[in-house]
Structures are given as structure tokens and as C-alpha cells.
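Chain letters run A, B, ... following the sequence lines, proteins first and then strands; every chain starts at 1.
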Amino acid sequence: MSEIIEKRIGHYETLLREMWTASSKYLGTFSVNLLVERVVWEVSLEYKEIELLQYDQNGISCAKMAARLEENPDLPVEDMFMKFITRYVEILARLLGHERAEEIRKKLDEEFAGDLSASRGE
Amino acid sequence: MERLITGIKNLDYILGGGIPAYSLNIVSGSPGSGKTIFVQHIIFNNARNGLKSLYLTTISESQLKMVRHLQDFEFFSDDLLGDRVIYGDLGEVLRKQGASRGLDYLTQMIKEHLPNIVVIDSVKVIRDLFPDEKTFRAFVFELAAVLSIWEITAFLVGEYEEQELTRLSEFAIADGIFHLYGQEEKRFQKRYMRILKMRGTSFQYGEHLFQIGPVGIEVYPRMRPEGEELRYDVKLGRKEFGICGLDEMLCGGLLEGTITLISGATGTGKTMFALKFLLEGAEKGEKGIFLSFEEPAVQLQNTARCLGWEIDRYLAEGQLEIKFISPIELDVDKHAFEILDMIREKKVERFVIDSISSFESSVTDIQKYRDYLWAIGQHLRKRHVTTIFTVLNEDLFSPLIVSRAQLSLITDNIIILRYVEDNSSIRKVLGILKARGSDHDKSLREYEIAPEGINILGRLDKADMLK
């Protein structure tokens, strides 16, 4: 895998793992898995490639996604991932209340300053 | 917290605003207890507010039968069927493909329709399809997780008996449990609902009466004595009867917001004293309600007219309202709640129940009767409504007996009306036994109900008349 692709995907994989860990604290891994399944289904209506995301109760991996990106470098992964993360946090906010969701959002913001804010148009 | 408003009369009040959103609720009860109507009423109310429901039957009732039975209720609407209320058959999938496929089918239906509410009727049937308790428990756990992740508020309907509610695993997993049941009480076949559990919100415990009628379900919250010490502002104003001698005996009238018991034998004029109290209020622009279990409004109007009281004017102007409820039809659970509702809505300042002896005859046990009166009394005091309860003393000549149910404990003031014998004639005397927080005349005074009204006469001069 090229270093550029690894970097592009690695960035989001870390973000997703951080999100997974942070929300597991509140939802439990079983429900986090279901939530990822739901968001994958929703985002797949626009970006079919999101189905390449691998997940189970042990965590989340973007290995297949990276492989597809090797074949098709034009894949709009940035937009797709940001849609995924935004949607995930939106649902989380409704399930857990905005206070808890904000905590998770803050963690992600600290980790990757700017990405989430930009996706929300701030 | 986001909530699902049920829209059922008084249920959201009991639930502190509604059912917590995305919760899994079990609606349990015997066949015929009203479970299906209960959930259908909720989903149709929500459909009118734009929410979508998925109603999955198993084998308990076909869709055709259900729709046929529901179409006479006011909440039902053909227009919402198939668009906002979608029916599906989960039972067939479970029977043909096995219980393990049930969740996949459900998820597929959710993705297709994106409902806000899912109902499974009946979940008890599903439990029988699983080989053991452990696998069924795992199914319910997964079901609960799937539904909440999809932001769905769920109702699992089941024919459970009360003893099963503490034993079966689905009740441990459920966030909310509504148990519906019926029982025969005196003349009435009554339906009750208890909320046994509701995670994430406070709610009113105990049994709440409900009725199934043309509108669907109507709930009447349990009247409950307040657990905490009653705190309310004590008003120092007085409410007069407009009966000259009596108001003097009370040092200016009844203290505002207090409860007065007028106890007396039949024919002593309890009703007239109470009615005069409301008419005096009406004259001063204060709204009053006379709740009669003894005489219909027309009869009361006639009597008042004979005494020269302007009852018709006050009735027409809305200053006075007479509500007659036949004691045969009296249902304390329902009427106690309605009384308070009416008082709140109409901003009533003076209120009469004539007589609370009729309450007693309709309640199963005397403790429940006292609890009701205590609860009503507390609510009325909090609202500063000056109230009169009349009570029948069945012993015509017995001295100073108030009532057999120790009602004096719940009242602030007690006025006694009784007969005395005097030289082969019967006279009426009145005494104030108690006036909490106020001085009062301790003497016994003779009175008469004359064509021009009630006259308080002199002190009773023959002590031996009370023997």
C-alpha cells in the first residue's frame, strides 16, 4: 500500500477507533456495533464503498477500504468518512443526550482539530 | 429527555410528560384487558403528529380482525393506514424461517419503513418459538438493542399474568412495563393500569383507573394523599354564607381555603346552607360548583327559587354550576379526578359536595374512602378553594355525632345541624363544633328555614333538650 493512501486512510481509521472507544463507554460494544451497522447502511445509500468498512465487536478496520483506494484513487473517502462520523455523532446525541455526545465530540475535536468543525460548516 | 407523547387522556401526566423515547416497553395483561387498543391508540395519535409506526402481529390477531375491531374508535383513521401505520406479519417469518431470522426480518422492515414506533403483538407467542429461556433472553436483549439504535420506541404486547411479571426474562430487560387488568367492584366492572417500571423518568405509582370508550382509552390517575407535609399559603380572608347570624358565629365567615363539614340528619337543611354559601360567593363574583349526589339540578333550583334566591341568574351567568351525578353511576376513581380538573379549569373559589355519604356507598372499603377524601381535601386546600362537604347523620336526635367514618379529621371546620324536641314540637339547632385557626361562637342556636331564607334565631335556652 502506498504511503499516501495509508496516511489518508490511517487518519480516519484512528478517528473511527477513537469514536468507537469513546462511545463503547456509554453504549457497550454490542450496541456500538449495531450503531456502526446502521450508519454504514445510511451512508451506503450515497457511497456504496462504505460497506468496505470492517467491523465487529472487537473494533473497526479500514484495510479493505485502503485496498480499494489503491485501485481507485478518486474515491471520495474524505467526504464519505466525514458523513459517516457526523451522522454517527448525531445519532449518539439523540440516544445519549447532547451532553454525553458533546464529550465524545470534544475528544474527537482535540484529536483531529478542525476536521469535524469543517464538516459541520463551522 | 426526549419523550414519546402518548396523547391518551391523563397518561402523559402520570408518566411525567410521556414515555422516554427509544425505550422498550411491555404491555401486559390477560386477554381482553385492553392491551391492543392501548397501543393502537398511542400509534394513531402519533401518526397524526407525523410519526410512523410499524405494527407486527404474530399469531394472536390477524390484521383484518384488528382493523375491523378498531374502526369504531375515534382515534382510528383509514387515511393513516399503510402510510403512517404499517402492519406486518412477523409470525410467519418466525414459523417458516426460525426464530433466529426474526431480527433480520425486523431490521429489514426498519430499513424499509424507518418507523419511530414498533409494536410486536404478541411477544408471548414468540417466546414459545425459542428452545429455552436463555436463547429467548438473548433474542430480547438483541431486539432491545436494535430498536434503540434505530431510535425506535417499542411496545411488546403480551398475555402475561401478574405472577409472570417478576419471573420472565423479558421484564428484566424492558425499560417500561404497563400492566392492565380488570376487577369487579360493587356495581362496576373496572379496568386498572399499573406502571410497574419506567426507566429514566419518575412516574405515578399505584393503580390508575382507565376506561375504554368511543374515544379509545381514558385514564383517571389514582387520587393519592400527598406523602410529604402539605404546604400552602394560609389565607386570612373570610368567605361568608350571607346568613347573618351564622357569619357572626364564625367571626366573619369561613377562613378562605378551609374545608367545612356540615353534618346533620335528613331535612335539617344541609343542602340549603351549602347552596346559600355558593350563592353568596356568586353575588360577590366568585365562581362556585355544587356537586350533587342527592338532588338533581332542577330540584335544587326549585327549592332555591322558593326561598327567593336568584339561582337562575347565577346559573345563566356561569357564576354557579350545579353538577348532578347519580350515586348509582358514581365511580369515585373517575369522578374525584374530574372534580379537581373542573375546579382547576373553571378557577373555582367555592365548592360543595352534597353529600360525601354518597361517596362512601360507592367505595369498596372505608379506608379507600378516607384516602380519597383526604387527597381531595389536600388538593382543594392547595388551590385555596373554600369547600363544604355535607354529611348525613342517620341518627335524627343523637347529640353531637359528626359522622361514623371519622371525617372530622380531614376538615378544618365542623357545623352541626340537629333536631331537638320541645313541648311536643321539633326544633332545629345549629352549633359550631370546630373552626381551625379561628375563634367562633360556642353556643347552640336555633334556626329556621323560612320562605325568605335561613334565619338564625336565639341561643337555645333549654339545656335538657340535648339530653
Side-chain angles (χ1 to χ4, degrees), chain A residues 16-60 80 83-105 108, chain B residues 1-5 16-25 46 50-52 54 100-118 134-154 169 172-176 199-202:
Chain A
L16 292 178
R17 283 187 175 153
E18 183 68 31
M19 200 167 71
W20 177 285
T21 310
S23 47
S24 291
K25 182 181 153 188
Y26 300 108
L27 295 179
T29 53
F30 184 78
S31 292
V32 167
N33 200 44
L34 287 172
L35 180 54
V36 171
E37 191 182 328
R38 174 183 170 179
V39 179
V40 163
W41 178 77
E42 287 185 7
V43 175
S44 74
L45 300 174
E46 191 177 355
Y47 298 108
K48 197 74 182 153
E49 290 78 8
I50 195 73
E51 288 175 355
L52 293 168
L53 201 65
Q54 295 165 282
Y55 57 91
D56 59 24
Q57 290 195 53
N58 300 315
I60 200 160
M80 182 176 72
K83 278 212 164 75
F84 183 92
I85 292 163
T86 307
R87 186 72 187 125
Y88 187 98
V89 176
E90 263 175 24
I91 298 170
L92 210 57
R94 287 198 295 272
L95 293 178
L96 298 173
H98 285 279
E99 208 176 303
R100 302 268 178 287
E102 202 50 44
E103 275 177 37
I104 293 171
R105 200 184 334 237
L108 299 180
Chain B
M1 179 191 285
E2 205 180 324
R3 288 172 187 272
L4 180 86
I5 307 295
I19 296 171
Y22 324 134
S23 59
L24 181 94
N25 303 280
N46 278 284
L51 299 190
K52 194 184 265 191
L54 182 59
S100 59
R101 296 288 302 148
L103 274 181
D104 293 340
Y105 173 74
L106 182 65
T107 311
Q108 187 192 319
M109 292 288 277
I110 290 170
K111 285 176 181 174
E112 190 182 336
H113 299 289
L114 297 173
N116 306 94
I117 300 170
V118 164
K134 198 177 159 189
T135 48
F136 178 69
R137 189 185 172 93
F139 167 79
V140 179
F141 177 78
E142 282 187 46
L143 177 71
V146 167
L147 292 168
S148 66
I149 285 301
W150 282 89
E151 297 170 75
I152 288 166
T153 309
S169 51
I173 289 161
D175 301 303
R199 281 185 188 135
T201 184
S202 60

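- A 6.0 Å sphere centred on OH of B:Tyr105 holds more than 12 heavy atoms belonging to other residues, nucleotides or ligands.
- The line from CD1 of A:Ile91 to CH2 of B:Trp150 is 8.0 Å long, rounded to the nearest 0.5 Å.
- Within a 6.0 Å radius of CZ in A:Arg87, other residues, nucleotides and ligands contribute more than 12 heavy atoms.
- Chain B is approached within less than 4.5 Å, heavy atom to heavy atom, by A:Phe30, A:Ser31, A:Leu34, A:Leu35, A:Arg38 from residues 29-38 of chain A, ordered by number.
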